[in-house]
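These notes are about the structure you will find just below.
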4 protein chains.
Amino acid sequence: MINSSAVGRKRDHSRDPEILRATLDVLADTGYADLTIEMVAARAGAGRGTIYRRWAGKDDLILAAIACTDRADLEADRLPDTGELRTDLLAMLDPDWLGGSERRLRILASVTAMMGRTPEAAAAVREAIVEPSVAAYRHLIQRAADRGEFPGPADVDALAQVIPSMAAHRALFLRQPVDLPFFTSIIDGVLLPALTRGGQSTHP
Amino acid sequence: MINSSAVGRKRDHSRDPEILRATLDVLADTGYADLTIEMVAARAGAGRGTIYRRWAGKDDLILAAIACTDRADLEADRLPDTGELRTDLLAMLDPDWLGGSERRLRILASVTAMMGRTPEAAAAVREAIVEPSVAAYRHLIQRAADRGEFPGPADVDALAQVIPSMAAHRALFLRQPVDLPFFTSIIDGVLLPALTRGGQSTHP
Amino acid sequence: MINSSAVGRKRDHSRDPEILRATLDVLADTGYADLTIEMVAARAGAGRGTIYRRWAGKDDLILAAIACTDRADLEADRLPDTGELRTDLLAMLDPDWLGGSERRLRILASVTAMMGRTPEAAAAVREAIVEPSVAAYRHLIQRAADRGEFPGPADVDALAQVIPSMAAHRALFLRQPVDLPFFTSIIDGVLLPALTRGGQSTHP
Amino acid sequence: MINSSAVGRKRDHSRDPEILRATLDVLADTGYADLTIEMVAARAGAGRGTIYRRWAGKDDLILAAIACTDRADLEADRLPDTGELRTDLLAMLDPDWLGGSERRLRILASVTAMMGRTPEAAAAVREAIVEPSVAAYRHLIQRAADRGEFPGPADVDALAQVIPSMAAHRALFLRQPVDLPFFTSIIDGVLLPALTRGGQSTHP
DNA sequence: CGATAAACGAGACGGTACGTCGCGTCTTCTG
DNA sequence: CAGAAGACGCGACGTACCGTCTCGTTTATCG
């Protein structure tokens with residue numbers, strides 16, 4: 001390895017989760033711009049130096065905190081499989097994710113703030129948060145299409161983004177809850193109609 | 001009036017646009033977090049005091065800069081009216097808006113950053129940027145529906161958010177261009193299919 | 001005259017004393033460094049512009065305020081003339097001048113502050129305050145010498161500075177009152193002994 | 001100790017002299033009113049925060065800079081002792097102190113400026129600068145008197161202030177050099193005559 | 001088991017931006 | 001047109017946070 005010595009005190013990586021949790025707490029409490037490393041260190045009972053030794057700075061720390069949030073429920077083999085797309089989709093609504101808590105909302109907004117900073121930050125957020133969600137919806141829709149649930153061809157890539165896009169938009173920009181009624185209105189008003197009709201417009 | 005004195009030198013409000021334009025320039029050049037009042041003042045040829053006298057701080061200034069951006073093209077009577085929804089929608093693609101320029105993208109990201117700060121900021125952005133766009137699409141879709149362009153009922157409120165949501169999502173989170181192919185794929189792959197089929201799912 | 005027009009409203013020079021008095025008041029209340037033109041203007045019921053139109057700035061204003069203080073009692077023909085130097089000197093003690101009031105003390109300290117700024121300021125203070133006082137004492141001593149009150153020659157220039165120097169030193173640096181006991185101790189302990197002995201040291 | 005923490009990086013007090021020297025340099029170069037903390041910090045190669053961490057502000061910094069100037073030559077056991085007062089006094093003339101350099105003069109004027117600010121500042125200057133000088137002259141004069149160098153009693157307290165007072169007056173208010181001719185004129189024209197004659201006036 | 005070397009909490013360091021305030025100048029309106 | 005009121009460009013103030021660097025202490029491995 002590059003940066004490890006055989007001797008000396010070992011870095012206590014058991015503190016990492018503690019610090020990252022403190023980061024998310026402060027992020028939710030005070031927002032991105034008002035978060036200071038000192039606040040995180042104080043809440044984690046750590047020194048600032050310890051944080052700087054592990055992460056490059058504010059953005060890197062927050063990115064790490066975001067990235068380590070458990071998205072295991074979006075892995076392909078843990079997705080709902082009811083045999084019907086509509087019920088699969090409704091089962092995806094995690095009240096604790098986007099719209100459920102003000103906490104999550106503020107964290108999402110903070111993350112968004114960082115995306116404008118560097119391409120690296122944007123890519124990290126995309127990989128950690130955005131892509132898994134889109135991929136999950138793509139999986140469900142593709143599976144339903146493969147089952148022959150819909151008459152014609154469908155633009156699965158576009159449709160897979162409908163729910164993540166609209167949920168984020170609602171939470172971030174409209175600041176309204178991403179709840180069951182909203183989910184139902186998207187599924188029944190946009191997604192399923194589009195699929196039922198097929199991916200082609202009738203307009204020439 | 002509330003806050004005007006009959007005497008003394010008048011505040012030169014002809015400088016407002018100059019300063020706000022400088023704000024957007026700096027915002028696009030260096031991003032939200034690295035923007036300083038000094039930069040804006042220097043670019044506008046003003047003193048920092050003059051800016052603080054007019055706006056409460058960084059966020060208020062940026063909000064004002066955003067709010068005064070010209071959205072006249074989204075007013076109802078200036079929207080495209082080709083007699084057919086698809087061509088109307090395609091005519092809405094303003095290459096200078098979301099995806100065309102890196103400038104607009106950075107500004108949008110910066111704005112998003114502020115939405116997590118205060119409810120006031122969020123409401124201001126919503127009213128200045130989000131709502132007008134959604135309202136414009138709602139207008140086009142409702143008009144087409146009134147023309148009887150589609151067979152059944154449609155969830156116009158939900159459908160009106162499809163394009164704004166997905167465009168913002170693509171620009172902000174995917175960092176890909178909001179261009180004609182993308183627009184076409186949404187219109188032909190999501191919006192028009194959903195309308196053609198109607199606003200009701202066939203699922204019981 | 002250089003700067004007078006035949007027409008228009010005439011500058012109201014009757015306001016000058018009012019403003020200069022306000023200057024001294026503020027100077028005594030808050031000191032040199034904390035004095036602002038705004039304070040003076042407010043106390044005089046004037047606008048800042050009016051002050052800047054008449055004096056070049058803070059230092060010039062204060063200098064003018066100092067210079068116009070009435071030192072008429074130091075003119076040669078108004079000095080005490082009792083026929084004897086000691087009683088003349090004691091009659092010079094103006095309890096309202098140097099040591100009497102904290103007000104005068106603070107003003108003196110403020111003046112001193114300005115002397116380090118420019119040679120012009122120093123010269124102005126010297127001419128307005130220092131020189132007249134030294135000249136008065138020189139006049140008294142010279143007159144007594146001319147009367148033959150003392151046996152030998154005297155270094156009148158040096159001796160004339162004894163009282164002003166020691167009074168200023170006591171007030172400024174020791175911050176003790178320049179009162180009758182102090183005056184008496186200088187006159188009887190320094191000045192008259194030196195004169196009585198004569199201006200020449202006996203040391204070879 | 002009062003204000004020391006057991007942990008954390010220690011304040012580097014070896015930088016104090018460097019900063020205080022820079023303070024005196026700037027003070028002499030630009031004067032009291034035009035001195036800025038930034039100038040001092042830049043010249044000392046320090047950050048402004050470091051200065052504010054150690055001293056409360058401009059006045060406190062300058063006071064500290066003054067107070068730490070080396071006055072060791074005024075300690076009793078290092079005073080000249082020629083066996084005769086006149087030569088002792090002449091040996092006191094330090095061309096580098098009051099009048100020799102413009103530098104010292106400007107510093108003295110700056111110090112005087114602060115004496116009007118707070119009683120604390122005045123006391124600090126008095127103790128650091130004024131008192132030691134007066135005490136030194138008192139020592140010399142008292143020793144000569146004890147030797148029986150003069151016929152009668154003398155008001156030593158008053159006489160000890162003659163040279164410091166007149167030197168300060170000459171430098172500050174007359175802005176003339178405190179040099180050997182001046183020193184000689186005071187000693188031979190004021191101080192020694194007064195002592196030779198005695199501390200009592202012949203006037204009834 | 002003692003030496004040693006890195007990690008740790010704490011906090012000082014050189015910087016930089018903040019938001020405020022006073023400078024001296026310049027409008028604007030009132031008398 | 002002088003004067004009050006106050007906005008203007010400028011720049012210093014004192015504070016707070018950045019990311020780095022000592023401090024003295026703790027902890028883990030190696031000799």
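Sequence lines set the chain letters: A, B, ... in the order given, protein chains first and strands last, and positions in each chain run from 1.
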Ignoring backbone atoms, establish whether B/Thr50 has a side-chain N or O less than 4.0 Å from OP1 or OP2 of F/dA7. no
Quick note, C/Thr36 side chain, CB onward, closest among F/dC13, E/dG22, F/dT29 is E/dG22
To the side chain of C/Arg48, which of E/dC18, F/dG3, E/dT25 is closest? E/dT25
d(NE2, A/His13; P, F/dA28) in whole Å: 14 Å
Is C/Gly45 touching bases, backbone alone, or none of the nucleic acid, heavy atoms closer than 4.0 Å? sugar-phosphate
Per B/Arg9 side chain, nearest of listed nucleotides F/dA5, F/dC30, F/dG19: F/dA5
Residue closer to the 5' end of DNA chain F, C/Arg54 versus D/Leu35 (nearest nucleotide): C/Arg54
Identify whether the distance between the nearest side-chain nitrogen and carboxylate oxygen of A/Glu18 and A/Arg21 falls below 4.0 Å. no
Between D/Tyr52 and D/Asp60, a side-chain donor and acceptor under 3.5 Å: no
With nearest nucleotide decided by heavy atoms, which residue, B/Asp12 or C/Arg53, maps closer to the 5′ end of DNA chain F? C/Arg53
Rounding to a whole Å, what distance do you find between C/Trp55:CH2 and E/dC23:C1'? 18 Å
Using a heavy-atom cut-off of 4.0 Å across all strands, would you classify B/Arg15 as base, sugar-phosphate, or nothing? sugar-phosphate
If you assign D/Ala46 and B/Ile37 each to the DNA chain E nucleotide with the nearest heavy atom, which residue ends up on the more 5' nucleotide? D/Ala46
